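Each chain gets a letter, A, B and so on, in the order the sequences are listed, and its residues count up from 1. Note that the structure is a prediction, hence the values are computed from the model and not measured.
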Amino acid sequence: MTNVKTRQLSVNGVKRTVDAPANETLLETLRRIGAVEVKCGCEKGDCGACAVLLDGEAVDSCLTLTGTVGERAITTVKGLGGAENPHPLQTAFADLGAAQCGYCTPGMIIATQSLLTNDTDTPDEADIRLALSGNLCRCTGYTKIYDAVLDGARAMREAEAAK
Amino acid sequence: MNKMDSAVPGEQNVSYRQIGKPRTRIDSPGKVFGKTPYAGDYVMPNMLHAKVLRSKLPSARMTRLDVSKARDLPGVACVLTYKDLKIGTVATDIPAQTGFRRRDTDQQILVDEIVRYQGEPIALVAAESVEIAEHALSLIEVELEPVPGVYDVFEAQKPDAPKVFGDDNIVASYKVRKGDVEAGFAAAETIVENTFRTQYIEHAFLEPEVGLGWEDEQGVINIRTSTQAVETFRYIADAIGIPHSKVRIRGALVGGGFGGKCDVTVELYIALLTLKTGRPVRLGYTREDSFYGHGKRHPFIISHKTGFAKDGRITASKIDITSESGPYAFMSPYVLMYATEAGPGPYLVDNVHIDSRSVATNNMYTSAFRGFGATQACIAYEQQMDEAAKVLGMDPIELRRINLLKTGDAIATGFEVQSAVWTEECMDRAWAALGEKPKDEGAIRYGHGIAAYQQGYGRMIWLHDTAEGWVGVEMDGTVVVRSGMTDIGAGQTSSLAQIAGELLGVDMMDITVYNSDSSTTPLAGTSSATRGLYMSGNAVRNAATAVRNRLAARAAQHFGVADSDIDFADSRVFVASDREKSLPFKELIATCASEGIHRSELAIFRAPFGDWIDPETGQGQVHPDYTYGAHAVQVAVDTETGEVTILKSVGAHDVGQCVNIAAVEGQIEGGVAQGHGYALSEELIYKDGCLVTPSLSEYLCPTSMDSPRIECIILESRSGLGPFGAKGIGEPGHTPAASAVANAVADAIGARVHDFPLTPEKIARAVSATRDNG
Amino acid sequence: MYANFDLLVPDELDQALTMIGGAKTAEDCAPLGGGTNLVVDMRASGKAPAALVSVARLPGLRGITIAEGTVTLGAATTVSDLLRDPRMLEVGAAMVDGSRVFAGQMVRNTATVAGNICCGSPAADLVPPLLALGASVTLRSAGGERTVPLDEYFTGYKTSVRRPDELLTSISWPVPAENSASRFYKLGRRKGDAITMVGVSVLVGMKDGVCSEVRIALGAVGPCVFRAKTAETVLKGKAPSPELVEQAARKAMEEAAPIDDVRATGAYRKQQVQVLVRRLLNQTIESLS
């Protein structure tokens, strides 16, 4: 292994020091250090299962070289919330049956979060379909995902308004 | 008529507390929080990483194989070739509960001389890292001498064709002879003939095959893997030459299966490498490995010749079916059986003549895919019905209505269906849901299409299918279910929790389901054949009922009432006739525990057993029962570019009884999206046996941009053989969707594209041909 | 598995130019933008340049400015940046069309406009709109800077006039004149995240009842994206009519030289060039009258 460099990464708010070779992708690095909620589906940017947020914007971690991440904050689906502090999208995806096998779900939720924070917080179905076209789902037929995004977005707006 | 009244008498007018409700599945929280470990997420100390060397050629003789340089590479722990195998073959047969296996269909594990398909494994490497393993692959010296192969099912049947399987390339063949087909054609006013073709299809589950193996303190080879079938442990044990009791397959929640994780793939290689090295071994397929490394859906060529009387009644149906098996048998014989049985569709036809065969070639081998041959049959019979309606000048709905099977009618194999057959109701409701067809505008034309179907659920009855299930109550009143059934994302384990919870009055979220472990959970068979809920649901219902009955007896004694007056709900036990009298469930459990009353049960469910159908006539029973329904689609077709936009897609199905209605809808919606892709965009293209579409940017599953909101209409006849009268829905939701799309496209453009998929180019060409002819 | 390479992450543009300055060939050193093409290619081929210079996050390279009648995109402007800027509909509607059908969200969030040009794919979805808009690119090296009309940039399949020591630093086009409109349409085997079978972009400007400006660009029907100039001349300076539009569409079809591949035959692609050019011309002309 050549060109290994020690790099500082911020993963879900935690600073991690990793030794990553130049040709390692962020997907490989994250899974290697235990962030296995980031799923590997194709390693070519065709499926979206490996999506993470970089400074709030969704990217395919399989297409991102770890060495180019720099200071940017990496957020995985675990960084959005958990059983104690569920993110509204997580609640909506669970309650509305938007996760079947669940393998696309982390990437799907990340892509949705990116849509809602960077593009529009009041998406219609066309916005949702456009925003999720890089996230393949083979189980749900997408219908319940559209429902979950609409419902989660509404819950997020309500939470924002209540602040 | 109230349709509910037409159901076979059974559990009617009952109300449930959990069954049938849209409940959050027990597996959902872990998935949305990113906490669910999938098989590929497990690692172990001292673990090796494996890779598979595959043949680049589809038909070749291996003249040289030298792995010495790979073995000498630092960091390589093990390289295996055919010379290192104690036993060279592995079963490809269905891993059935009886252990029966057709030995003549075994497959070579690693190429010993002849390569029969592109991607066939030649060598296995285990190394300290993935990089070293990949480097080692590149150091293996292989010389392959191309030998003539055969890549077309008709060429393969010629006497001088290269032989890929047996001495005639026929992997299986069947006949159905019912009534007098010639007399039926003689009586026909109109005869309609068409041939339909379907393509190779990839499962494209999001999680590629992966597993981790290790040897434990008892010398058991443990394999944690993503599989639909833990019962393959027997085949693996046979193939590596150790007792069945020394191989343990432990599943994980599966990242999608659709039939593609029923056969043995990575688990066998992991077992061989673990056994050889004594170290843990992980093998994860890349997406490309997955394209080359598991069996695909069969291409079919199906010809229909159908006679119709003046009133539209079918007088005779002659069907010729050819499927492509690739070089190894796998599920091909059974898939062909499903297609043969389903040949004429959900219609009453007295005179049926079917010949079918599965033909070996050097294209990729084929095996199980959701629908298991019944889907391809539907693509043919439902397009044939629409083409016939056109020729007869009849409304396609009315033509179907005249011919639909009813309860008690005999299907093609002569079996008389005993459960509710609500195809007509489903068809009418799906069709009505489309509403008015929009007016054509410019190059855009709109079309409506319908497809009805019949799909068996449960295994073919000669496989003598059984499932076991265990239910027990903990001291705090929570419940544990144990079932060997795998959970492939359809909510299998959650449904078992719901069933046990309903019967024991405990919320499903307070139930833990251990599943998918070949040595510690009672074996329940594969999650395939739409048998999961039917078989394991019944097994768990039997077990929970036994526990409930014992607990009820003790509670009845406590309250001084009859056993039948005891009810369980909300983690309490009640006197049903006087609900003021109740106890916390856990107090009853404590009493039972201290008195030695058995609080658990291992139960078995046996499906109907029977013999093979008559080989000469094809008459007899194939499946325990059938699911019926229909799918309707509205499309807009751009007649210049050939692009299709699906605007509405509606599935109406009699599911017998929903256990979790959200899961039922999920199965239908997911199956429908796969049907959309099947009809329009998905295709594995092999050129002289070589795959030219080995990625998800070339093999085109529908994306969200391609997928409209899918509507489900769910009917409940409570007439099925599953728990609470459920029928299976895992495959049926998918079965008619592609046919409905094809019929909608044909309706829009006034022409039929007979070969799937209906690409923009084929549609544009069909439109021009109509213009040229018209 | 990726080949090994050096990954250089400069802080400033000048540093990047120095790093890439020694490159004699693209195998020595190549710029890495969003990586959405290059990373995939390196994995598929197992080959990589000896060094990659990451330029996607260099200060000053990302952003959209509209000033003095010119639209300028920094090289590292992403496809999503284009979609998020409401001005883009006014100054380059075809770019919005192209951005909406560009891959999936994560790739749009990462892929840069310059990367889409530099990868040189004939199926690149932003190149036909840029050609229709009359864009130029700025190429900069340690030694200086030059501006090249995009129309003269590509020299063949995945080849261009850019030297290995040059970086593409910006893309610009004149703000379209009053009463002009541009469109792009991508024909794919599916609607989402598809590789283009045929991509067509047109820009039409009308003045005094005649087509004062006409540009037609074709993607995925030749070794690189190119302008159908014979077709343009059919309409340029003339009052549009259905006959002229049809004639232009036919000329464009004749200029297309597509190949057969797994997505479509060349014959179908050619036919679709005619269909789409006719359609887009009609749509733009109708929107102006």
Side-chain angles (χ1 to χ4, degrees), chain A residues 1-5 7 20-28 42-72 107-108 110-115 118-120 126-137 142, chain C residues 1-11 31-44 46-58 76 78-86 96 99-111 115 188 190-195:
Chain A
M1 199 115 43
T2 57
N3 301 323
V4 176
K5 273 199 184 142
R7 304 172 197 277
N23 63 2
E24 186 165 278
T25 63
L26 183 57
L27 169 63
E28 292 166 323
C42 72
E43 296 173 281
K44 286 186 167 182
D46 294 330
C47 80
C50 69
V52 299
L53 298 175
L54 278 189
D55 277 351
E57 209 175 15
V59 304
D60 286 322
S61 62
C62 73
L63 299 182
T64 307
L65 295 177
T66 302
T68 65
V69 172
E71 314 279 289
R72 287 180 286 178
M108 204 64 88
I110 287 291
T112 304
Q113 170 73 4
S114 183
L115 162 75
N118 296 306
D119 296 304
T120 172
D127 297 325
I128 297 167
R129 287 172 66 175
L130 179 63
L132 300 182
S133 67
N135 296 80
L136 288 179
C137 172
Y142 303 102
Chain C
M1 183 191 181
Y2 297 112
N4 278 316
F5 50 82
D6 247 332
L7 178 63
L8 309 172
V9 187
D11 297 321
L32 171 70
T36 55
N37 266 313
L38 191 52
V39 173
V40 176
D41 289 348
M42 290 191 299
R43 181 171 289 268
K47 291 184 196 135
L52 291 177
V53 180
S54 176
V55 295
R57 300 184 62 233
L58 288 176
T78 66
V79 181
S80 290
D81 291 340
L82 299 174
L83 285 173
R84 287 173 194 148
D85 191 327
V96 179
S99 301
R100 285 179 64 88
V101 294
F102 193 105
Q105 183 200 173
M106 281 74 71
V107 171
R108 291 194 291 269
N109 284 342
T110 317
R190 71 177 173 195
K191 297 191 193 323
D193 204 352
I195 299 174

Please report the interatomic distance OG(A:Ser133) to CG(C:Asp193), rounded to the nearest 0.5 Å. 5.5 Å
Specify which of A:Gly45, A:Ala58, A:Gly107, A:Gly134 makes the most heavy-atom pairs with chain C at under 4.5 Å. A:Ala58
Structural part of A:Ser114 lying under 4.5 Å from a heavy atom of chain C: both
Checking heavy atoms, do the side chain of C:Leu52, its backbone, both or neither come under 4.5 Å from chain A? side chain
When you check the side-chain N and O atoms of A:Thr120 and A:Asp127, is any donor under 3.5 Å from an acceptor? no
Derivation of the side-chain contact (heavy atoms from CB on, under 4.5 Å) call for A:Val69 and A:Leu54: CA-CA 8 Å; A:Val69 172; A:Leu54 278 189; 4.0 Å; yes
Portion of C:Ser54 that has a non-hydrogen atom of chain A nearer than 4.5 angstrom: side chain
In terms of heavy-atom pairs under 4.5 Å with chain A, the winner among C:Arg108, C:Arg100, C:Met106 is C:Met106
Structural part of C:Leu38 lying under 4.5 Å from a heavy atom of chain A: neither
Of the non-hydrogen atoms in A:Tyr142 and A:Asn135, which two are nearest, and what is the gap between them? CE2-O, 3.8 Å
Which bit of A:Leu136 comes within less than 4.5 Å of chain C, counting heavy atoms only: side chain, backbone, both or neither? side chain
So, the part of A:Asp46 with a heavy atom under 4.5 Å from chain C: the answer is backbone
For a 4.5 angstrom cut-off between non-hydrogen side-chain atoms, does C:Arg43 reach A:Cys62? no
For A:Thr66 and A:Ala20, which heavy atoms make the closest approach, and how far apart are they? CG2-CB, 4.1 Å
